[in-house]
Amino acid sequence: MSGIRTRFAPSPTGYMHIGNLRSALYAFLFARKNGGKFVLRIEDTDRDREVAGAVAIIYDTLRAVGLYWDEGPDVGGAFGPYVQSERKALYSLHAGRLIKSGHAYFCFCTKEELDARRDACAARNEAFKYDKHCLRLSRHEIDARMAAGQPFVIRQNIPASGQTTFRDLLFGSITVDNATLDDNVLVKADGMPTYNFANVVDDHLMQISHVMRGMEYLSSTPKYNLLYEALGWEIPRYIHMPPIMKDTTHKLSKRTGDVSFQDFIAQGYLKEAVLNYIALLGWSPGDDREKFTLEELIEAFDIKGMSKSPAIFDGAKLHWLNAAYIRALPENAFTAYARPYYQQAGIAAMDETILAAILRQRVEVFSQIPGMVAFLRQMDENYDSALFTNKKSKTDITTSHTVLEAVLPALESLPKFDRQTLQDCLLGYAEKMGMKNGAVLWPVRIAVSGRMVTPGGAIEILALLGREESLRRLRLGLAKLTV
RNA sequence: GACCCCUUGGUCAAGCGGUUAAGACACCGCCCUUUCACGGCGGUAACAGGAGUUCGAGUCUCCUAGGGGUCACCA
């Protein structure tokens, strides 16, 4: 037992952002690599932002990519409950301790009053900081206001002077003046703790040894440490992680396009590829490896390989990685993923083995399939006969006409219409005529597809279309060349 | 604006005082070839700028610039 415990603590706000997934992944990898535990905690203290079904999305996504948690709302554990809204008593208990020791105080300032003061500051171009107005309230006054039912919050009482230093395993030692810190709200008027407070309490109570979270918390970490100290708790190790960017100046966000894990899956990305790609966005194994299974990631993971600067999401590279994963798929797995798209394209009845053979090397994202194979279902019969002319294959209108005319009856009388038979027939004809294979296959492919570029060659397309449709298209091509 | 952090090719990145400054994606060229793709080979392209420290700096220090983050009864 190494005692290492990490956690992933998402808010149930709707979908799984790719950046959050990466945070979960790193926390998971760090725990697994070091023989520690990975905890899942739901941070639902903001009831206004809560979205129904969001917790299920978190569970489903994590499970889909293999990020199983050792403790969590559904699996339990020794430090539950693992849902913050169910831990209110714990927060009140420790908030009370803070009040008693003077590290926190009741505040009755209303939102309106605060907004007014904030606006005033903005007008003077000054940074707003709560002025500890309510810290001066006497016990008497506090009791009276509470008795009168006046709503209140609990604020952290930050020392007015001095400095606070903390160590981050990635960023090193960071020191800030306490004077720059604000007396943040710890417990809201509705009795719910804020992130600032719930996090400290939960991370301590759940014995989290390494707090891994987004860099946006870097500047508020000193405040958390002040809380740990006030509560007499050991400060955990911190690992703040830089964000994933859309470009140099914008974070990857909903507005910039697809950012949720499910968006990528819906587009035809493989979950393994997405996970592999984001693992590499902000972390490097230190060597040249790029394809990793989850097990391999666990083995290779080391926070020393983590980057301190934000990484820009590169859709092209994800595309490439996804294509690499697709190419490595066994035929049956490829077909299982592709089948819905075959149906969508109306070619579900065609030979899946041939389809897999020609598509697997070409598809980068499954959603490209319908567009790639549409011509099999329905070709554009008004294609330009100029397509028959190709210098490299040494074809032109005349040679194409000759080839189609000769090949048509041969194919018509073929005993079988499978790839082997078709190949013997077509290549045999080329050999007999002393022609390049391409000189024969080019016009045939153009005639049966009507397209300059096709996935697969003439033989595969013929086999896929079957004798009747193939011959129909070949006759059409011949007619076009005869005109 | 104040405070904190970051800065190697277009992108992800290796490097951790001495290297011809890796590799991958993307891009370009060639080869293979039944078009495209795959695959193979090759190429273009980087240490933000300026001062130091040092025999020697992408690597250490400082400054400048640029970028990010925080400054909520959101997390």
Side-chain angles (χ1 to χ4, degrees), chain A residues 9-11 13 43-46 48-49 107 109-111 114-115 118 122 125-129 151-155 168 171-172 174-177 179-182 184-190 192-196 198-199 213-222 240 242-243 245 247-251 277 280-290 304-305 307-321 323 327 358-364 372 387 390 392-393 423 426-427 430 436-442 444-446 449 451-460:
Chain A
S11 287
T13 52
E43 310 222 327
D44 59 345
T45 56
D46 185 353
D48 294 336
R49 288 210 309 165
C107 172
C109 294
T110 65
K111 194 146 187 126
L114 292 170
D115 285 345
R118 235 188 292 275
N125 215 329
E126 286 173 15
F128 172 79
K129 230 184 106 183
F152 63 89
V153 300
I154 294 176
R155 283 183 185 277
D168 182 283
F171 292 96
I174 296 171
T175 300
V176 298
D177 289 330
T180 64
L181 272 21
D182 197 8
N184 286 139
V185 170
L186 263 22
V187 178
K188 303 183 256 190
D190 65 359
M192 280 291 197
T194 58
Y195 170 88
N196 303 110
N199 241 260
R213 55 165 48 142
M215 245 186 68
E216 63 269 27
Y217 298 108
L218 201 56
S219 53
S220 40
T221 297
H240 286 91
M245 310 290 281
D247 53 51
T248 52
T249 54
H250 305 284
K251 256 211 254 198
Y277 177 67
L280 261 17
L281 253 195
W283 170 78
S284 163
D287 54 35
D288 289 343
R289 287 178 296 167
E290 292 204 293
K304 280 206 273 294
S307 173
K308 286 194 272 197
S309 45
I312 295 171
F313 186 91
D314 183 2
K317 182 122 190 190
L318 204 212
H319 239 252
W320 166 79
L321 228 207
R327 262 180 257 126
I358 66 172
L359 258 18
R360 192 162 32 172
Q361 299 300 106
R362 284 168 250 258
V363 171
E364 298 172 296
M372 292 175 97
L387 289 181
N390 179 268
K392 255 191 82 187
S393 296
Q423 178 167 320
L426 261 15
L427 298 193
K436 284 184 61 174
N437 288 342
V440 174
L441 296 167
W442 179 276
V444 172
R445 192 178 60 83
I446 295 300
S449 69
R451 302 190 356 168
M452 171 86 98
V453 171
T454 56
I459 293 162
E460 287 83 6

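Computation of the quantities below employed the complete heavy-atom set of this structure, encompassing side-chain atoms and omitting hydrogens, waters and symmetry-equivalent molecules. All values reported here derive from a predicted model rather than from experimental measurement. First the proteins, then the strands, lettered A, B, ... as listed; each starts at 1.
To the nearest 0.5 Å, the span separating OG1 on Thr194(A) from CG on Asn199(A) amounts to 9.0 Å. Between the OG atom in Ser284(A) and the NZ atom in Lys304(A) there is a gap of 13.0 Å [rounded to 0.5 Å]. Interatomic distance, Ile459(A) CD1 to Leu426(A) CG, rounded to the nearest 0.5 Å: 5.5 Å. Here the straight-line distance linking atom CG of Asp314(A) with atom CH2 of Trp320(A) works out to 11.0 Å at 0.5 Å rounding.
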Open item on the list: Across nucleotides 32-38 of chain B, 5' to 3', mark each nucleotide with B, S or - according to how protein heavy atoms within less than 4.0 Å reach it.
Closed with: -BBBBSS
TODO: Can you check each nucleotide of nucleotides 18-27 of chain B against protein heavy atoms at under 4.0 Å and return B for base, S for sugar-phosphate only, - for none, in 5' to 3' order?
DONE: ----BSBB--
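Taking the P atoms as reference points, rC25(B) lies 10 Å from rC38(B), given to the whole Å. Spacing of P atoms, rU54(B) relative to rA2(B), comes out at 34 Å, to the nearest Å. Going from the P atom of rA24(B) to that of rG58(B) covers 25 Å, rounded to whole Å. rC55(B) sits 49 Å from rC31(B) when the C1' atoms are compared, rounded to a whole Å. When the C1' atom is used for both rG69(B) and rA75(B), the distance is 15 Å, rounded to whole Å. Comparing the P positions of rA13(B) and rU35(B) gives an interatomic distance of 38 Å, to the nearest angstrom. Here the separation of rG40(B) from rU33(B), taken at their C1' atoms, is 12 Å to the nearest Å. Here, rG9(B) and rG49(B) have their P atoms 10 Å apart, quoted to the whole Å.
Residue Thr13(A) places no side-chain N or O under 4.0 Å from the OP1 or OP2 atom of rA75(B).
Nucleotide rC73(B) holds its P atom 14 Å from the CZ atom of Arg49(A), rounded to whole Å. Atoms CG (Asp168(A)) and P (rC4(B)) sit 16 Å apart, rounded to a whole Å. When the P atom of rG68(B) is taken as reference, atom CZ of Phe171(A) falls 15 Å away, rounded to whole Å. Whole-Å rounding puts the Ile312(A) CD1 to rG9(B) C1' distance at 13 Å. Atom C1' of nucleotide rC74(B) and atom CG of Leu114(A) are separated by 16 Å, given to the nearest angstrom. Going from atom NE2 of His240(A) over to atom C1' of rC5(B) covers 11 Å, rounded to whole Å. Leu181(A) places its CG atom 11 Å from the P atom of rC4(B), with the value rounded to the nearest Å.
Under the side chain to side chain contact (heavy atoms under 4.5 Å, CB included) criterion, Ala323(A) pairs with Arg327(A), Glu364(A), sequence neighbours left out. With sequence neighbours excluded, the residues that form a ring-ring contact (aromatic ring centres under 6.0 Å, His included) with Tyr277(A) are Phe313(A). Scored by the salt bridge (charged side-chain N to carboxylate O under 4.0 Å, His left out) test, Asp115(A) finds Arg118(A) as partners (sequence neighbours excluded). Remark: Phe171(A) pairs with no residue by the ring-ring contact (aromatic ring centres under 6.0 Å, His included) rule, at least two apart or across chains. Applying the salt bridge (charged side-chain N to carboxylate O under 4.0 Å, His left out) criterion to Asp287(A), with sequence neighbours excluded, gives Arg289(A). Residues forming a side chain to side chain contact (heavy atoms under 4.5 Å, CB included) with Thr221(A) (at least two apart in sequence, or on another chain): Phe166(A), Arg213(A), Tyr224(A), Asn225(A), Tyr238(A), His240(A). Take Lys188(A) and apply the salt bridge (charged side-chain N to carboxylate O under 4.0 Å, His left out) test, not counting sequence neighbours, and it matches no residue. For Glu460(A), the salt bridge (charged side-chain N to carboxylate O under 4.0 Å, His left out) test picks out no residue, with sequence neighbours left out.
Between Val176(A) and Pro222(A), the closest heavy-atom pair is CG2-CG, 3.5 Å. In this structure, Ile312(A) and Leu281(A) approach most closely via the heavy-atom pair O-CD2, 3.6 Å.
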Enumerate the protein-to-nucleotides 69-72 of chain B contacts in which both atoms are nitrogen or oxygen and the separation is below 3.5 Å.
residue : atom : partner   : partner atom : Å
rU70(B) : O4'  : Ser219(A) : OG           : 3.1
rA72(B) : OP2  : Arg118(A) : NH1          : 3.3

- [ ] For RNA chain B, just give me the dot-bracket, please: Watson-Crick or G-U, both distances below 3.5 Å, ( ) intra-strand, [ ] crossing earlier pairs, | paired with another strand, . unpaired.
- [x] ((((((((.[[[..)..(....]]].(((((.......)))))....[[[[[..)....]]]]])))))))....
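Using a 4.0 Å heavy-atom distance criterion, Ser449(A) is classed as making no nucleic acid contact.
The pair Asp46(A)-Arg49(A) meets the salt-bridge criterion, since a charged nitrogen lies less than 4.0 angstrom from a carboxylate oxygen.
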